[in-house]
Structure formats: structure tokens, C-alpha cells
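Reviewing the structure listed below.
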There are 2 protein chains.
Amino acid sequence: MRPMVPYALNDGSPLLASLEREGYRLTAPRRAVAGLIAAQRSHFSAADLVAEARSRRVGVGRATVFRTLEVLSDIGAVERLDLPSGDHAYVACEPLHHHHAVCTRCGRSDDIEDAGLRAIVRTVERRTGYRIDEHRLELFGLCPDCQAS
Amino acid sequence: MRPMVPYALNDGSPLLASLEREGYRLTAPRRAVAGLIAAQRSHFSAADLVAEARSRRVGVGRATVFRTLEVLSDIGAVERLDLPSGDHAYVACEPLHHHHAVCTRCGRSDDIEDAGLRAIVRTVERRTGYRIDEHRLELFGLCPDCQAS
DNA sequence: GTTTTTGCAAACCATTTGCAGGGTC
DNA sequence: GACCCTGCAAATGGTTTGCAAAAAC
């Protein structure tokens with residue numbers, strides 16, 4: 001007998017789960033995009049997904065890829081990065097506030113938690129008089145594996 | 001008798017001084033762009049400068065505006081920001097490593113120094129095993145004036 | 001059945017580039 | 001005088017949009 005699990009149409013995908021939770025419709029194209037994203041090994045661009053869709057013969061329009069990324073980004077299931085090169089890339093992530101360490105060699109990225117940033121924000125507020133509502137921190141370097149090889 | 005000041009062709013503009021120091025030629029178009037930037041009250045886009053040039057009847061080609069911004073950005077006299085909206089903007093700044101607090105209402109921006117970030121970077125390196133080479137921190141909120149009004 | 005979502009193709013818009021002429025050092 | 005820089009206009013490339021058909025709830 002199978003274990004009791006709540007009925008779900010999201011295939012266990014956290015991306016689809018987030019969409020469902022936020023009241024978005026679970027359509028075939030969105031499932032496809034979620035699948036494409038899940039297959040990415042590192043950060044990816046909209047173009048990467050479009051190319052992957054084509055090579056896998058998954059029928060998803062370019063516009064839909066962009067629209068889905070926008071929705072996922074809105075609900076925090078995906079984050080848009082600005083790479084040092086100036087390019088944009090996305091990474092799938094937990095819909096909680098956090099930051100990323102991104103490997104400049106292989107593109108791997110890891111979530112990092114606060115690590116004391118909150119204190120810095122408070123310090124800056126005190127020193128400058130600004131009221132900080134939002135912040136973005138991106139760290140770039142070499143991941144453990146790329147340092148080793 | 002005028003005070004002794006070193007002979008300079010840069011009109012006292014820090015932007016031009018940086019260009020000169022880095023060995024770039026001080027051309028009329030670059031002077032014009034520097035002037036346009038100096039006139040900006042808050043962060044600005046390349047399009048802002050082009051529009052301003054047109055309205056002031058300053059003859060500077062669009063391409064030159066972009067090329068000059070690129071050079072200034074390379075030498076750190078200007079920094080390119082990624083606004084929360086996803087738009088790009090530039091701010092003039094001291095050519096030293098630092099970060100910005102940006103007002104989301106009026107666009108004003110202030111430089112902020114380290115404020116403890118270095119320690120955070122070290123913590124993250126220790127926890128994740130990454131070797132961080134580069135980082136970017138952007139703070140967004142309301143400047144003192146905009147909080148008051 | 002109503003409301004969302006999709007695909008397509010065209011539209012957009014910021015940015016880049018090739019190249020011949022002009023300016024700077 | 002050599003090399004750097006500019007303007008122009010065309011090319012580029014990522015992203016958005018209008019709209020009618022299709023799908024989800």
C-alpha cells in the first residue's frame with residue numbers, strides 16, 4: 001500500500017508546487033518549462049531554455065518561456081541574476097529571501113543565508129539616514145570543485 | 001595672483017581627471033558626456049544622456065555615449081547599477097571599490113563603504129568552500145529627504 | 001462558461017558594430 | 001604622422017506585445 005501523500009498535480013516539482021500554491025494554472029507549457037529548468041545544472045538564460053526545448057522537441061513558445069520565467073520570478077521560485085559580464089541568468093531557488101554565491105567557472109550557484117548582512121543594513125541606515133527596504137547581494141568566485149581542478 | 005594649481009585640461013571634472021589619468025584622450029565628445037553626467041541629479045541611463053544631449057543641442061552620437069560610459073565604467077569612474085525593476089542605470093562615483101544605497105523614490109544614490117561586508121564574505125567562504133573573488137551589494141530604500149516629505 | 005494562458009509573428013528597444021573621416025597627442 | 005576616437009546608419013539580440021485559438025478551472 002502506498003504511503004498517504006496529498007493529492008497533487010505538480011509531480012513533486014517545487015516550481016510547480018509554488019505555481020499551484022500561488023494560484024497559477026498548471027498548464028502543459030508550464031510543466032514543460034519547469035522540467036527544462038529542473039534539468040539545468042547551473043544558471044541558465046531564457047535562451048538556454050528555448051534551445052533546450054527545441055533540441056528535446058518540447059513544444060513551448062519563446063514568449064511562454066519568458067512569461068513563465070517572469071511568473072516564477074514574481075513568486076520567488078526563480079531568481080534573476082546579473083552576472084559580472086552584464087548578462088542575465090536565472091537560478092531556481094527557494095522562495096525565501098536569500099542570496100547566491102555563483103561560480104564564475106562552472107556556473108554552479110548556492111544559496112547563502114543572511115550571514116550578518118542584516119547588521120550591515122542596519123549600520124548603513126544609521127550612517128546614511130536611508131531607510132533600506134530591499135537589498136541584493138551577489139558573490140562571485142570559484143566553487144570548491146573548480147578550485148580543486 | 002591666482003593660486004598655483006597643476007595645469008589640467010579636465011576642467012576639474014573628476015570624470016575627465018580619471019580619463020586623463022588612465023591615458024584616454026580628452027576629446028570634445030567625452031567632455032560633453034562628462035558634462036551631461038555631472039548634470040544628472042540621480043542615476044541615469046544611456047538614453048537619458050542621449051536625450052539630454054539632444055535637448056541641450058550638444059552634438060554627441062548615441063554610440064559615443066555608450067562607448068564613453070563603457071570606458072568610464074571600466075576605469076571605475078561610473079558604476080552600472082541593476083535596479084530592482086530590472087532596468088540598468090549608471091551613477092558617477094569614486095573609482096574605489098564600494099557599494100551604493102539608492103533611493104527608490106528620487107533616484108539619489110550615496111556611496112557606502114565596506115561596513116562589514118568583508119567579514120561576511122569571509123564567513124561565506126568558510127561555510128560554503130567557495131573562493132569569492134568579486135561581490136556586488138546594492139541597497140534600495142528611501143533617502144532621508146524622501147522619508148521626510 | 002468564464003478566465004487564463006498560449007503561440008505566433010511582429011514590434012521594441014537598448015546596445016553593438018563596420019567603416020570612413022577627423023581629432024588628439 | 002600614427003593611432004585613437006567619432007558619427008552614422010545598419011545590424012543585433014534579448015524581451016515584449018497584440019490577438020485569436022486553446023486549455024484550465
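Below, chain A is the first sequence line, B the second, and so on; all start at residue 1.
Protein atom CD of Glu70(B) is 12 Å distant from nucleotide atom C1' of dT17(C), rounded to whole Å. Atom P of nucleotide dC13(C) and atom CG of Asp87(B) are separated by 13 Å, given to the nearest angstrom. Leu26(A) places its CG atom 6 Å from the P atom of dC25(D), with the value rounded to the nearest Å. Straight-line distance from the CZ atom of Phe66(B) to the P atom of dG13(D): 16 Å, rounded to whole Å. If you measure from atom NE2 of His88(A) to atom P of dA14(C), you get 14 Å, rounded to the nearest angstrom. If you take CG of Leu49(A) and P of dT15(D), they are 11 Å apart, rounded to a whole angstrom. In this entry the distance linking CD of Glu22(B) with P of dC4(D) reads 16 Å, nearest Å. When rounded to the nearest whole Å, the span between CG of Leu81(A) and C1' of dG14(D) equals 17 Å.
For the pair Glu113(B) and Arg127(A), the salt-bridge criterion is met [side-chain N within less than 4.0 Å of a carboxylate O]. The pair Asp145(B)-Arg105(B) fails the salt-bridge criterion, with no side-chain N (NZ, NE, NH1 or NH2) lying under 4.0 Å from an Asp/Glu carboxylate O. Classification of Arg80(B) and Asp82(B) as a salt-bridged pair fails, no side-chain N sitting under 4.0 Å from a carboxylate O.
Listed pair Arg80(B) / dT15(C) meets the phosphate criterion, a side-chain N or O lying under 4.0 Å from OP1 or OP2.
Here the side chain of Arg25(A) is nearest to one of dA14(C), dT15(D), dT5(C), namely dT5(C).
To the nearest 0.5 Å, atom SG of residue Cys93(A) and atom NE2 of residue His99(A) are 11.5 Å apart. Taken to the nearest 0.5 Å, the CZ atom of Arg118(B) stands 14.0 Å off from the CD1 atom of Ile132(B).
Backbone-only engagement by Ala46(B) is indicated by non-hydrogen atom pairs under 4.0 Å involving sugar-phosphate atoms exclusively.
Checked against the 6.0 Å centroid threshold, His88(B) and His88(A) count as a close aromatic pair.
Every residue two or more places apart in sequence or in another chain that forms a side chain to side chain contact (heavy atoms under 4.5 Å, CB included) with Ser109(B) is listed here: Val91(B), His100(B), Val102(B).
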Distances for protein N/O vs nucleotides 6-10 of chain D N/O pairs under 3.5 angstrom?
residue	atom	partner	partner atom	Å
dT6(D)	OP1	Thr27(B)	OG1	3.0
dG7(D)	OP1	Gly59(B)	O	3.2
dG7(D)	OP2	Gly61(B)	N	3.1
dG7(D)	OP2	Thr64(B)	OG1	2.2
dG7(D)	N7	Arg67(B)	NH2	2.7
dG7(D)	O6	Arg67(B)	NH2	3.3

